[in-house]
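This report refers to the structure that appears directly beneath it.
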Protein chains: 2
Amino acid sequence: MLLNEPTLTTRQCGDCPIRHRAVCARCETDELDRLDQIKYYRNYEAGQTVIWSGDRMDFVGSVVSGIATLTQTMEDGRTQMVGLLLPSDFVGRPGRDNAAYDVVAVTDMVMCCFRKKPFETMMTETPHIAQRLLEMTLDELDAAREWMLVLGRKTAREKIASLLAIIARRDASLNLAGVKGPLTFELPLTREAMADYLGLTLETVSRQVSALKKDGVITLEGKRRVTIHDFNRLLDEAGDDSDGGMPV
Amino acid sequence: MLLNEPTLTTRQCGDCPIRHRAVCARCETDELDRLDQIKYYRNYEAGQTVIWSGDRMDFVGSVVSGIATLTQTMEDGRTQMVGLLLPSDFVGRPGRDNAAYDVVAVTDMVMCCFRKKPFETMMTETPHIAQRLLEMTLDELDAAREWMLVLGRKTAREKIASLLAIIARRDASLNLAGVKGPLTFELPLTREAMADYLGLTLETVSRQVSALKKDGVITLEGKRRVTIHDFNRLLDEAGDDSDGGMPV
DNA sequence: CGCGTTATTGATACGAGTCAAGATCGGTGG
DNA sequence: CCACCGATCTTGACTCGTATCAATAACGCG
């Protein structure tokens, strides 16, 4: 409840760390000026719910830093993660009044929020925003379809390997490490969150992580720090085509 | 291989049955004229593969009539359906050269194809197309997320009930039947295709369909004609909130 | 009518879920 | 600094749901 500091600095879009990847990526200076007038920053603490499913949404926005999850919950409590939101990812759906999913901050998080109505108006007037949003949505749809294969057809072990590969890949792309050599990264998710991502129980997640460790596919430092020695080996465990991803 | 008739009639967009729901829905007359110049029709027979994953795509397009599936296959043959394409649905991704999924015609099918390059050019110039495509993509993303909950967290029985509910709903919306009273429709999918949709085996699909029939949730006429007597009962079996879908 | 395709049903196996202890981690206060 | 506590994670024993393997049955097309 108590935000330690009102870090609601009216930051300049120019220095924004997600400037070139978020929904505003294609905007010209004058368009950024317009966005500036309808935007504000909000901070969330780890564990805090950003949006409740069904609630009225009066903003949309971008994740600036930190990580959040998009989840669906059934009446009896079964939950499935349907999105993992990283910096530059877009939250909310223009044209929809009520949220369809719960959004929860996994780590401390900063969001750049746009008031919904003005943002929608701007979308019809400046094609750059709609174009970029289309591109991002198509990417998300592809990710969702990859995820459907994981959920529907992979074994528990393959699911864990797939998730580790996804996180490792993203981490490598941020840190500019090549696919060669060992990769080390911090797991942003608890075992339970991993289970919700993969349609498993947290016990099964724990068992399969242990199994991958025992078989030398990964090494653990503490419970969260993971090292992958051979990325292709991991892809193999994930059931993925190791040469895939980049068709000729 | 042999197309019985070259039904490649250069149909007028005005009489097109999907005119108001497809990617061209928002286009003005002059925009339709431009589309007309880059479009052509293609027919496919039931079972025919429209696009192979990895193949170069030189067109995108809309399903005019019939049904197709989007599937992913792992090296060892496990397959997962990741999309069910109905009339007015869009096929292909502007900006991508190679297909990411297999597209297979389930019934005889007609597609309205647009040459990819000119279509992409047109997209940057006429916002109406990009706007409509964004809307459609957002809808697909929502459907994919709903599907992820089904794949990750539902039991076999709930999965079957969910699929029947989806098909029944779509059928009702086409035939303008209310949610009241019994609904009857033809299943467009084989048991195997249903299994690929739901991440099950075809034997399990068969067993659960039989179980729902034994319990009076559905009636079968032959193997494909299904009657649902109480839609809310079906939603209940699907684990869905029966009053849901339409938040206040 | 007969054949191939599609669907049903049965017996059994196996992977993941469930229930239940414990162990480890990280933070807090004596 | 170390002991303690709650949260998180690990591991074990057992259960249950779905897959697998296999044999029939029903449909629909020629």
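In what follows, chains carry the letters A, B, and so on, assigned in the order in which the sequence lines appear, proteins first and then strands, with residues in each chain numbered from 1.
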_Using a heavy-atom cut-off of 4.0 Å across all strands, would you classify B:Ser210 as base, sugar-phosphate, or nothing?_
sugar-phosphate
*OP1 or OP2 of C:dT8 sitting under 4.0 Å from any side-chain N/O of B:Ser206?*
yes
_Flag for A:Thr184-A:Thr227: side-chain donor and acceptor within less than 3.5 Å_ = yes
*How would you give the extent of chain B contacts on DNA chain D, as first and last nucleotide 5' to 3' within a 4.0 Å heavy-atom cut-off?*
D:dT18 to D:dC27
*Provide the closest heavy-atom pair for A:Pro188 versus A:Ile67 in the form atom of the first, atom of the second, distance.*
CB-CD1, 3.4 Å
*Which whole-number value in Å describes the distance from B:Gln208 CD to C:dA7 C1'?*
15 Å
*For B:Val205 and for A:Lys223, find the nucleotide of DNA chain C with the closest heavy atom, then tell me which residue's nucleotide is more 5'.*
B:Val205
*B:Gln80 side chain to B:Asp196 main-chain N or O, any donor-acceptor pair under 3.5 Å?*
yes
*Salt bridge between B:Arg207 and B:Glu203, side-chain N to carboxylate O under 4.0 Å?*
no
*Can you check whether A:Arg145's main-chain N or O pairs, donor with acceptor, with B:Gln72's side chain at less than 3.5 Å?*
yes
*Evaluate the side-chain proximity of B:Leu85 to B:Val91: yes if any heavy-atom separation is below 4.5 Å, no if none is.*
yes
*Which whole-number value in Å describes the distance from B:Leu202 CG to C:dT6 C1'?*
9 Å
*Kindly say if B:Arg191 contacts the phosphate of C:dT8, meaning a side-chain N or O under 4.0 Å from OP1 or OP2.*
yes
*If you find the nucleotide of DNA chain C closest to A:Gly222 and the one closest to A:Gly199, which residue's nucleotide is nearer the 5' end?*
A:Gly199
*Ignoring backbone atoms, test whether A:Thr155 places a side-chain nitrogen or oxygen under 4.0 Å from the OP1 or OP2 oxygen of C:dG15.*
no
*Nearest to the side chain of A:Glu203 - C:dT18, C:dT8, C:dT24?*
C:dT18
*asked:* From CZ of A:Arg225 over to P of C:dC25, roughly how many Å is that when rounded to an integer?
replied: 15 Å
*How is A:Gly47 classified with respect to the nucleic acid when contacts are heavy atoms under 4.0 Å: base, sugar-phosphate, or nothing?*
nothing
*How many Å lie between CZ on A:Arg207 and C1' on C:dA16, as a whole number?*
9 Å
*Between B:Trp147 and B:Tyr197, is there a donor-acceptor pair closer than 3.5 Å when you use the side chain of the first and the backbone of the second?*
yes
_B:Arg224 side chain, from C-beta outward: closest of C:dT8, C:dT18, C:dT6_ = C:dT6
